[in-house]
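Shown next, in structure tokens, is the structure this report addresses.
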Amino acid sequence: MKRKLWIRIGAVVLAALLLWWLFWAILIDEDENDQGLPETEQIEAVD
């Protein structure tokens, strides 16, 4: 009975850590994209 409890606790902790890591990876990636790319103007083609 105690073994099942520890397996369940471990699974919940592992899932929480993976979600936290994914959340931070997305935030860090967005920050790098915002800072790394200079804004460029769109130039319309003239026919």
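Reckoned from all heavy atoms, side chains included, excluding hydrogens, waters and symmetry mates. No experiment lies behind these values; they were computed from the predicted model shown.
L17 and W6 fall within the same hydrophobic cluster, defined by Ile, Leu, Val, Met, Phe, Trp and Tyr side-chain heavy atoms under 4.5 Å apart, directly or through other members.
The aromatic rings of F23 and W20 sit tilted, their planes meeting at an angle between 30° and 60°.
In this structure, L14 CG and I9 CD1 are separated by 13.5 Å, a value rounded to the nearest 0.5 Å.
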